[in-house]
Amino acid sequence: MKQLTEFRASADDALHRQIGTRTSRFSIGDLPTRASVNALLEGVLDHLPALEQQEA
């Protein structure tokens with residue numbers, strides 16, 4: 001249980017601490033919808049086998 005508590009503290013720090021001091025250029029309103037991201041990733045995955053075959 002102690003290890004879980006220690007891990008949680010470091011995970012919380014990683015999630016909530018800002019990486020830099022500069023203000024972000026993006027806000028939550030700039031993010032695409034979940035469906036758009038899924039469609040993009042599906043398109044990338046569809047083209048990966050073709051790329052692997054061309055390199056071989």
Side-chain angles (χ1 to χ4, degrees):
M1 190 68 170
K2 182 180 177 185
Q3 287 178 327
L4 181 61
T5 304
E6 289 173 2
F7 173 76
R8 182 175 181 184
S10 63
D12 283 347
D13 183 48
L15 287 172
H16 299 291
R17 183 171 35 108
Q18 289 187 346
I19 294 172
T21 57
R22 189 173 60 193
T23 304
S24 176
R25 295 183 182 137
F26 301 101
S27 70
I28 195 73
D30 297 321
L31 300 176
T33 64
R34 183 177 182 164
S36 298
V37 173
N38 285 342
L40 174 66
L41 292 174
E42 286 291 333
V44 169
L45 291 174
D46 287 345
H47 286 85
L48 282 178
L51 292 174
E52 291 172 4
Q53 290 175 1
Q54 290 174 0
E55 292 175 4

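Residues meeting the side-chain contact (heavy atoms from CB on, under 4.5 Å) test with Thr23, sequence neighbours left out: none. A search for side-chain contact (heavy atoms from CB on, under 4.5 Å) contacts involving Ser27 returns Asp30, not counting sequence neighbours.
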Compile the donor-acceptor pairs under 3.5 Å between side chains in residues 34-41 and protein atoms, sequence neighbours left out, one pair per line.
from	atom 1	to	atom 2	distance (Å)
Ser36	OG	Thr33	OG1	2.8

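Side-chain contacts under 4.5 Å among hydrophobic residues (ILVMFWY), followed directly or transitively, place Phe26 with no other residue at all.
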